*Asks:* 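Right, I'll just put the structure down here and ask away after.
Since we're looking at a predicted model, the values are computed, not measured. Basis for what follows: all heavy atoms, side chains included, without hydrogens, waters or symmetry-related copies.
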Amino acid sequence: MKSEVKLEDLDGIGPKTAEKLRNAGICSAKHLSLFNVDELLNIVDADERALRRALMHARSLFMPIRAVKASEYVAKKPLPQMATGVKSIDNLLNGGLRPKAIYELCGQPGTGKTQLCLQLSVTVQLSANKGGLDGKCYFMDTEGTFSPNRIRAIAERFGLDPEEALNNVYVIDIMNTDHLLHVATSDLIKAVEEGVKLVVVDSLMSRFRTEYSGRETLALRQSRLGYVLDWLIRIARLYEIIVVVTTPVMEVPVAFASLTERIRPVGGTTLAHATTHRFFLTSRSEKGFLKGTMTVLDSPTLPYGAMANYMITERGVEDAH
């Protein structure tokens with residue numbers, strides 16, 4: 001199988017170069033195909049011409065080598081979707097989340113962003129006939145929000161063994177933006193090649209806002225943010241997985257504006273252009289329950305302003321009553 005091609009099987013890669021690449025965190029020929037030659041030269045001391053030959057060989061194995069007619073493109077077998085466990089949200093998404101895309105959940109604290117991410121880390125484990133992908137989740141936690149107890153409670157709701165559900169979620173505490181980029185380009189891909197179908201970053205902007213707080217650092221912050229997002233979409237498209245990121249919001253003083261116009265996602269146009277689907281989450285307390293609304297901010301396939309209602313309970317995120 002193509003996915004089992006080793007680094008040594010590529011043109012230009014001998015045992016020594018293969019060892020250097022593995023020491024740099026590059027674990028397979030498919031993983032190598034995600035890089036460009038300049039990125040490789042920055043992390044590996046190797047011959048440039050040999051690396052170019054290896055990259056051309058790897059790309060010929062794992063990436064499209066010719067354009068196809070749009071009619072052929074449409075005729076391709078559709079990728080399986082992943083249900084969220086909330087019918088109203090699944091209906092909003094036309095059936096669920098689709099691979100090869102980045103979904104952004106933005107909103108104020110308490111709107112259910114993390115709760116939905118925790119739930120998705122369980123529903124991805126469900127079999128296809130139950131709306132899952134029979135896969136694992138890789139959860140990058142930048143704010144200490146991951147909750148094993150919530151995973152257990154949600155797993156019980158969906159009929160999964162709580163401890164087995166925890167075993168199928170990889171969790172890593174992200175300490176800074178360098179760490180985030182390192183994980184995205186190395187350790188994450190190893191996990192994806194071992195069955196991860198969902199990647200969560202909660203919250204994507206947390207470390208960037210802390211490390212690049214002044215206006216004078218804005219350009220550098222956006223450049224590094226864009227590079228991390230570029231890697232996430234590379235992985236999503238090549239490995240056909242789903243990426244979900246959460247982001248906070250900020251208030252912009254605009255007279256006579258609606259809530260979605262006054263409250264905007266942090267991250268600017270860099271984030272807006274990089275994510276595939278963007279959703280704005282709001283919440284309110286009603287009769288002892290925390291109820292929320294998910295609104296489409298931007299999507300190539302979903303109508304702007306379309307909404308879904310939900311509620312947050314001890315069992316996770318559910319349909320609003």
*Asks:* With a 4.0 Å cut-off, would you call Glu211 and Arg221 a salt bridge?
*Replies:*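 The answer is no: the pair does not qualify as a salt bridge.
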
*Asks:* Checking the side chain of Gln125 only, and the main-chain atoms of Ser121 only, is there a donor and an acceptor separated by less than 3.5 Å?
*Replies:*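 At least one qualifying donor-acceptor pair exists.
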
*Asks:* Side chains of Asp134 and Ser127: is there a donor and an acceptor less than 3.5 Å apart?
*Replies:*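 Side-chain D/A pair, Asp134 to Ser127: absent.
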
*Asks:* Hey, is Glu286 close enough to Arg284 for a salt bridge, meaning N to O under 4.0 Å?
*Replies:*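 A salt bridge is present here (some side-chain N lies under 4.0 Å from a carboxylate O).
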
*Asks:* Once you measure the plane-to-plane angle for Phe208 and Tyr212, does it fall in the parallel (<30°), tilted (30-60°) or perpendicular (>60°) bin?
*Replies:*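 Plane angle under 30°, so parallel.
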
*Asks:* How does the hydrophobic cluster around Tyr73 look, that is, which other residues are in it when side-chain heavy atoms under 4.5 Å mark a link?
*Replies:*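 Grouped by the 4.5 Å side-chain rule, Val68 form the rest of the cluster around Tyr73.
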
*Asks:* Just by distance, do the side chain of Glu104 and the backbone of His277 share a donor-acceptor pair under 3.5 Å?
*Replies:*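 Such a contact is absent between Glu104 side chain and His277 backbone.
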
*Asks:* For the side chain to side chain donor-acceptor pair (under 3.5 Å) test, which of Thr217, Thr270, Thr269 pairs with Gln222?
*Replies:*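 That would be Thr270; it is the only one of Thr217, Thr270, Thr269 passing the side chain to side chain donor-acceptor pair (under 3.5 Å) with Gln222.
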
*Asks:* Taking Glu8 first and then Lys16, would you say they form a salt bridge - that is, a charged N and a carboxylate O separated by under 4.0 Å?
*Replies:*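 No.
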
*Asks:* Do the charged groups of Glu19 and Lys6 touch, with an N to O distance under 4.0 Å?
*Replies:*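 Looking at Glu19 and Lys6, the cut-off is not met.
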
*Asks:* Can you sort out the partners of Arg207 under side chain to side chain donor-acceptor pair (under 3.5 Å), two or more places apart, ordered by chain and number?
*Replies:*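 Result, side chain to side chain donor-acceptor pair (under 3.5 Å) vs Arg207: none returned.
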
*Asks:* Regarding Lys30 and the six-membered ring of Tyr239, is the cationic atom NZ or CZ under 6.0 Å from the ring centre and inside 45° of its axis?
*Replies:*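 Checked: cation-pi criterion met.
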
*Asks:* Quick check: does any side chain N or O of His179 sit under 3.5 Å from a backbone N or O of Met175, one acting as donor and the other as acceptor?
*Replies:*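 Side chain of His179 to backbone of Met175, a donor-acceptor pair under 3.5 Å: yes, one is there.
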
*Asks:* Mind checking side chain to side chain donor-acceptor pair (under 3.5 Å) for Asp319 and listing every partner two or more places apart, or none if nothing turns up?
*Replies:*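 Applying side chain to side chain donor-acceptor pair (under 3.5 Å) to Asp319 gives Ser88.
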
*Asks:* To the closest 0.5 Å, what do you measure between CE (Met82) and CG (Leu126)?
*Replies:*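 Answer for the CE-CG pair, Met82 versus Leu126, is 9.5 Å.
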
*Asks:* Is the backbone N or O of Val317 less than 3.5 Å from a side-chain atom of Gln119, with the two atoms forming a donor-acceptor pair by type?
*Replies:*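 The answer is yes, because a donor-acceptor pair under 3.5 Å joins these two groups.
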
*Asks:* Between the side chains of Tyr103 and Arg278, does any donor sit under 3.5 Å from an acceptor?
*Replies:*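 No.
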
